[in-house]
Amino acid sequence: MVLSIGDHPRVKLVRLPTPIQYMPKLSEELGIELYIKRDDYMELAMGGNKARKLEFLLGDALKRNCDTVITTGALCSNHVRLTAAACRLYNLHPILVLTSTGPKKVKGNLLLDVLFDAEIRIVDAARDEIPKIMEEVAREQEAKGRKPYIIPNGGASKVGVLGYLNASVEILHQLNEMCVKVDYIVHSTGSGGTQTGLCLGMKNLNSGIKVLGVSCGPSKNAIYNRVKSLAEESVEYLKLPVKLDDKDIIVYDEYTCGGYGIVTKEVVEVMRKVAKMEAILLDPLYTGKAFMGLMDLVDKGVIEKGSKVLFIHTGGLPLIFQYEEDLWRYGVKVSDLEKLV
């Protein structure tokens, strides 16, 4: 069944499709046929999966004649960095409500937020308090004569889900052209929008592909509940003829390294391994942990030897520089490098 999403407003932020490439060295080592979808290749502000969602979210905002976008994330958020960039392309005023998770230094994503001249508000609040705070900011902007549009954390909404519904069609078309039928799609999951779009898309298109989400921090139950709820909203909103069953939502939370924003030696070793073997950069919070999960799931036989696997590179490369001290700590020692220079 073909997905029909053409009636929903959309702006252009990136050139699609992003490439899918074979990973020969890691395929041989892991005993699987491994491919990677390069959503880090997007040209907008160093790329990443959130750009797909923002094409539809900003389209909706402009349709509603909004002039201000309010969104949220951690200090190191990929989503807010891309939101700030996308807003600048379409003359929207970006307001970023940031929680204090992450290094308290203006590096990586936070530095880019500053370069995009986003209005930044750092709050000390629990996750469940953030929606109320964004509503308060919206009322404040309305009092100034602006028309605000609120985007939830990670762009995870029934509108944002359109990004990876569209990507599902793109992926299957590319794989068909490559004469490849994959058994599994593995990706980093947190706020749930990417996983919801992929699960709904792959099921609606009768692909037979299992979508495996590897948590970047939240518990398996928390992500499952987010995806389940978001899928129900999206099915109703988009009038999709399918719904997700319990078996369709697969989440692994054993690879969070202790929680969101925490970096360990193990994930840095995975980043170095992939960089050395395939010249592909992963980040320490999302793709590094997801790839660590992929390798362990193969080792445990959850992903069977000989399987065809597609890994979604969801971006996040500025995090390498935001967490550089952790990478030094667990990777090349600064003192060793100083001897070379």
Side-chain angles (χ1 to χ4, degrees), residues 11-16 18 38-59 61 68-123 127 130 134 137 149-157 160 163-164 187-194 216-217 260-261 263 281-290 312-324 326-327:
V11 300
K12 182 173 176 57
L13 296 176
V14 294
R15 287 171 289 182
L16 298 173
T18 55
R38 301 299 302 270
D39 277 3
D40 59 317
Y41 262 27
M42 296 173 179
E43 65 268 34
L44 178 68
M46 299 184 75
N49 62 327
K50 309 304 183 185
R52 290 185 182 271
K53 305 171 188 181
L54 286 164
E55 289 197 333
F56 292 96
L57 288 162
L58 262 61
T68 300
V69 170
I70 303 166
T71 195
T72 186
L75 289 174
C76 55
S77 171
N78 293 312
H79 165 69
V80 298
R81 176 247 308 169
L82 281 167
T83 301
C87 284
R88 288 308 175 201
L89 285 180
Y90 287 91
N91 300 315
L92 296 165
H93 178 61
I95 301 179
L96 313 179
V97 179
L98 306 183
T99 60
S100 55
T101 303
K104 311 298 190 293
K105 297 180 179 179
V106 185
K107 295 181 178 182
N109 281 327
L110 186 56
L111 174 59
L112 297 181
D113 297 339
V114 173
L115 287 175
F116 290 125
D117 197 25
E119 183 176 333
I120 298 172
R121 312 215 184 164
I122 300 175
V123 299
R127 180 188 178 93
I130 298 300
M134 289 200 293
V137 174
Y149 184 87
I150 296 176
I151 298 177
N153 184 43
S157 72
Y164 273 85
H187 71 293
S188 175
T189 187
S191 54
T194 297
C216 63
Y260 180 77
V263 179
L281 297 173
L282 304 178
D283 79 273
L285 301 193
Y286 298 96
T287 52
K289 294 180 180 182
I312 308 289
H313 194 315
T314 50
L317 297 184
L319 290 168
I320 293 174
F321 307 101
Q322 203 153 358
Y323 280 81
E324 63 181 21
D326 290 293
L327 270 62

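Just so it is clear, the structure is predicted and the values come from calculations on it, not from any experiment.
- What you find for Ile95 and Arg121 is that their closest heavy atoms are CG2-NE, 4.3 Å.
- The two atoms that bring Gly102 and Leu75 nearest to each other are O-CD1, 4.0 Å, heavy atoms only.
- Heavy-atom minimum distance, Pro284 versus Tyr323: CG-CB, 4.0 Å.
- Atom-to-atom distance recorded for Ile70:CD1 and Ile150:CD1 is 5.0 Å, nearest 0.5 angstrom.
- Judged purely by atom type and a 3.5 angstrom limit, Arg52 has no side-chain atom pairing as donor or acceptor with the backbone of Asp39.
- Looking at Lys53 and Glu55, no side-chain N of the basic residue comes within less than 4.0 Å of a carboxylate O on the acidic one, giving no salt bridge.
- Between atom CZ of residue Arg38 and atom NE2 of residue His313 there is a gap of 5.5 Å, rounded to the nearest 0.5 Å.
- Summarising the geometry of Leu13 relative to Tyr90, their closest heavy-atom pair is CD2-CE1, 3.7 Å, with the distance given to 0.1 Å.
- Considering CG of Asp117 and NE2 of His93, their distance stands at 8.5 Å, rounded to 0.5 Å.
- Using a 4.5 Å cut-off on side-chain heavy atoms (C-beta onward), Ile312 and Asn49 make no contact.
- Under the 4.5 Å side-chain criterion, counting only non-hydrogen atoms from C-beta, Leu16 is in contact with Thr18.
- No donor-acceptor pair closer than 3.5 Å links the side chain of Lys107 to the backbone N or O of Pro103.
- The side-chain heavy atoms of Leu111 and Asp113, taken from C-beta on, include no pair separated by under 4.5 Å.
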Val263 and Leu285: CA distance, side-chain angles, deciding distance, side chain to side chain contact (heavy atoms under 4.5 Å, CB included) verdict: CA-CA 7 Å; Val263 179; Leu285 301 193; 3.8 Å; yes
Residues Asn78, Leu319; criterion side chain to side chain contact (heavy atoms under 4.5 Å, CB included); working and verdict: CA-CA 8 Å; Asn78 293 312; Leu319 290 168; 3.7 Å; yes
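- Using modelled atom types, one side-chain atom of Thr72 and one backbone atom of Val97 make a donor-acceptor pair closer than 3.5 Å.
- With values rounded to the nearest 0.5 angstrom, Leu44 atom CG is found 9.5 Å from Thr83 atom OG1.
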Would you sort out whether Val123 and Ile130 count as a side chain to side chain contact (heavy atoms under 4.5 Å, CB included), showing the intermediate values? CA-CA 9 Å; Val123 299; Ile130 298 300; 3.8 Å; yes
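- The shortest heavy-atom contact between Ala84 and Pro94 is CA-CB, 4.0 Å.
- Atom CZ of Arg88 sits about 11.5 Å away from atom CG of Leu115, to the nearest 0.5 Å.
- Here the side chains of Leu57 and Tyr149 are in contact, with some heavy-atom distance below 4.5 Å.
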Evaluate the side chain to side chain contact (heavy atoms under 4.5 Å, CB included) criterion for residues Phe56 and Val11: first the C-alpha distance (whole Å), next the side-chain angles of each, then the deciding distance (0.1 Å), finally the verdict. CA-CA 7 Å; Phe56 292 96; Val11 300; over 6 Å; no
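- Side-chain polar atoms of Thr314 and His187 form no donor-acceptor pair below 3.5 angstrom.
- No side-chain heavy atom of Thr99 sits less than 4.5 Å from a side-chain heavy atom of Arg127.
- The main-chain N or O of Ile151 is found under 3.5 Å from a side-chain atom of Thr71 such that the two form a donor-acceptor pair.
- Taking 4.5 Å as the limit, some side-chain heavy atom of Lys50 sits within range of a side-chain heavy atom of Ser191.
- One distance of note links CG of Leu110 with CG of Leu98; it measures 7.0 Å at 0.5 Å rounding.
- Put simply, the side chain of Leu92 does not reach to within 4.5 Å of the side chain of Thr68, judged on heavy atoms.
- Relative to the ring axis of Phe116, Arg81 does not place its NZ or CZ within 45° and under 6.0 Å from the centre.
- Nearest heavy-atom pair across Leu82 and Ala45 is CD2-CB, 4.1 Å.
- Of the possible donor and acceptor atoms, one in the side chain of Asn109 sits under 3.5 Å from a partner among the backbone N and O of Cys76.
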